[in-house]
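To start, the structure under review is shown below, and the notes come after it.
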Amino acid sequence: MKAMLLAAGRGERLRPLTDAVPKALVEAGGKPLIAWHLERLARAGIREAVINVSHLGERIGERIGDGARFGLRLHYSHERERLETAGGIANALGLLGDAPFLLVNADVYCECDFSGLMKVQLGGQLAHLVLVPNPAHRPQGDFSLARGKVGSDAAPRYTYAGVAVMAPALVHPVKRGEKAPLAPLLYDAAARGLLGGELYEGPWQDVGTVERLAELEKYLRENR
């Protein structure tokens with residue numbers, strides 16, 4: 001299985017840090033956010049990954065390189081202007097191929113078991129999402145979860161962790177080079193009963209603001 005890391009985000013709420021450094025290279029615990037994922041992917045047995053880049057994307061290539069030091073072979077999907085999440089995935093399908101792949105948002109910190117996700121069989125589903133208990137900044141959550149099915153029921157609801165096993169077919173409605181968000185495609189798939197999922201309750205942090213980055217730094221300082 002290949003992996004794709006979403007690293008094209010601008011990181012507006014992390015400015016001024018992200019004025020000079022792409023969001024994926026913001027450091028926590030002494031290493032870039034994306035490096036934590038690359039290390040875990042390699043330990044799980046992933047050998048090939050695609051990284052989409054846009055804002056200051058050349059810095060990611062300079063810092064991370066071809067992935068050899070992580071035990072990975074990396075490919076870069078360049079976006080002249082950011083294509084948003086679904087657009088970025090659709091743009092990278094030529095590098096990902098036709099098989100399901102592991103999708104990871106580079107701007108989250110997560111200790112979930114990638115090796116377990118590599119064993120997920122989608123069958124007729126379009127994706128298998130990792131969900132987490134709702135953080136304080138997203139109390140309404142994104143999806144419901146019942147018996148392994150992700151849906152849109154009123155309760156209980158959970159937040160999408162930014163980690164999933166995904167079939168390329170999920171983004172087939174998006175043309176290459178087109179800007180498109182991922183959320184509408186996921187909500188549509190959930191409504192059609194085409195999303196599976198699991199609940200992860202371990203360490204996870206969406207590093208979307210300076211305050212949340214500080215929370216992650218504190219966690220890593222106390223637990224590493």
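The structure displayed is predicted, hence computed values, not measured ones. Values below: every heavy atom of this structure, side chains too, minus hydrogens, waters and symmetry copies.
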What are the two closest heavy atoms between Val207 and Arg212, and how far apart are they? CA-CB, 4.4 Å

The test is side chain to side chain contact (heavy atoms under 4.5 Å, CB included); show your working for Lys2 and Ile46 and say whether it passes. CA-CA 6 Å; Lys2 294 181 182 179; Ile46 293 283; over 6 Å; no

Counting C-beta onward and ignoring hydrogens, is there a side-chain heavy-atom pair between Pro100 and Met166 closer than 4.5 Å? no

Out of curiosity, does Leu72 fall in the hydrophobic cluster containing Ile51 (side-chain heavy atoms, cut-off under 4.5 Å, transitive links)? yes

Rounded to the nearest 0.5 Å, how far apart are CD of Glu198 and CG of Leu129? 9.5 Å

Do the side chain of Glu178 and the main chain of Lys175 share a donor and acceptor less than 3.5 angstrom apart? yes

Whether the side chain of Asn223 engages the backbone of Tyr219 through a donor-acceptor N/O pair (distance < 3.5 Å, no angle test) should be reported. yes

Any side-chain heavy atom of Leu131 within less than 4.5 Å of one from Val150? yes

Tell me whether Met118 shares a hydrophobic cluster with Met4, the cluster being built from Ile, Leu, Val, Met, Phe, Trp, Tyr side chains joined at under 4.5 Å. no

Which pair of heavy atoms, one from Ala28 and one from Leu213, lies closest together, and at what distance? CB-CD1, 4.1 Å

Checking side chain to side chain contact (heavy atoms under 4.5 Å, CB included) for the pair Phe114/Val130: CA distance, chi angles, key distance, verdict? CA-CA 11 Å; Phe114 288 152; Val130 175; over 6 Å; no

Atom CG of Leu182 and atom CG of Leu186: how far apart are they, to the nearest 0.5 Å? 4.0 Å

Before accepting this row, confirm whether a basic side-chain N of the pair Asp153/Arg157 lies closer than 4.0 Å to the acidic partner's carboxylate O. no

For Ala3 against Leu96, the heavy-atom pair lying closest together: O-CD2, 4.0 Å

For Asn134 and Gly141 the tightest heavy-atom approach is OD1-CA, 3.2 Å

Within the distance-only criterion (no hydrogens, no angle test), does the side chain of Glu217 pair as donor or acceptor with the backbone N or O of Gly29 below 3.5 angstrom? yes

Heavy-atom nearest pair, Ala24 first then Ile60, reads CB-CD1, 4.1 Å

How about Glu81 and Ser54: do any of their side-chain heavy atoms sit closer than 4.5 Å? no

What I want to find out is whether Asp66 reaches Arg73 closely enough, with some N-O distance under 4.0 Å, to be called a salt bridge. no

Are Tyr200 and Leu145 connected, step by step, through hydrophobic side chains (Ile, Leu, Val, Met, Phe, Trp, Tyr) whose heavy atoms are closer than 4.5 Å? no

Do Ser77 and Val53 pass the side chain to side chain contact (heavy atoms under 4.5 Å, CB included) test, and can you show the C-alpha distance, the side-chain angles, and the key distance before you say yes or no? CA-CA 6 Å; Ser77 178; Val53 294; over 6 Å; no

Can you tell me how far CZ of Arg176 sits from CG of Leu83, rounded to the nearest 0.5 angstrom? 10.0 Å

The reported gap from CD1 in Ile64 to CZ in Arg59 (rounded to nearest 0.5 angstrom) is 13.5 Å

Can any side-chain N or O of Asp142 pair as donor or acceptor with the backbone N or O of Thr159 at less than 3.5 Å? no

Evaluate the side-chain proximity of Lys179 to Val174: yes if any heavy-atom separation is below 4.5 Å, no if none is. no

Keeping to residues at least two apart or across chains, list the ring pair (Phe, Tyr, Trp, His ring centres under 6.0 Å) pairs with something in residues 121-168. Phe143-Tyr187

With sequence neighbours left out, the residues meeting side-chain contact (heavy atoms from CB on, under 4.5 Å) with Arg192 are Leu126, Asp188, Leu194

Euclidean distance, Cys110 SG relative to Trp204 CH2, rounded to 0.5 Å: 8.5 Å

Looking only at side-chain N and O atoms, does Glu79 offer a donor or acceptor that is under 3.5 Å from a partner on Asn52? yes

Checking Arg47 now: which residues fulfil side chain to side chain donor-acceptor pair (under 3.5 Å) with it, not counting sequence neighbours? none

For Lys31, is there an ion pair with Glu27 - N to carboxylate O distance below 4.0 angstrom? no

Could you state whether Leu122 and Val171 fall into the same hydrophobic cluster, counting links through intermediate Ile, Leu, Val, Met, Phe, Trp or Tyr residues with side-chain heavy atoms under 4.5 angstrom apart? no

Judged by atom type as modelled, is there a donor-acceptor pair below 3.5 Å linking the side chain of Ser152 to the main-chain atoms of Ala191? no

Specify the closest pair of heavy atoms between Arg69 and Arg63, including all atoms of both residues, with the distance to one decimal. NH2-O, 2.9 Å

About how many Å separate CG of Asp98 and CG of Leu93, when rounded to the nearest 0.5 Å? 8.5 Å

Other residues, nucleotides, ligands: >12 heavy atoms within 6.0 Å of Gln140 CD: yes

Side chains of Leu103 and Val163: does their closest heavy-atom pair fall under 4.5 Å? no

Examine Tyr109 together with Trp36 and report whether their ring centres are nearer than 6.0 Å. yes

Check the pair His172 / Leu170 against side chain to side chain contact (heavy atoms under 4.5 Å, CB included), numbers first and verdict last. CA-CA 6 Å; His172 281 175; Leu170 180 72; over 6 Å; no

In this structure, would Ile34 and Leu117 fall into the same cluster of hydrophobic residues linked by side-chain contacts under 4.5 Å? yes

Using a 3.5 Å distance criterion without hydrogens, assess whether the side chain of Lys149 forms a donor-acceptor pair with backbone atoms of Gly193. yes

Have a look at Leu6 and tell me which of Thr85, Val108, Asp107 forms a side chain to side chain contact (heavy atoms under 4.5 Å, CB included) with it. Thr85

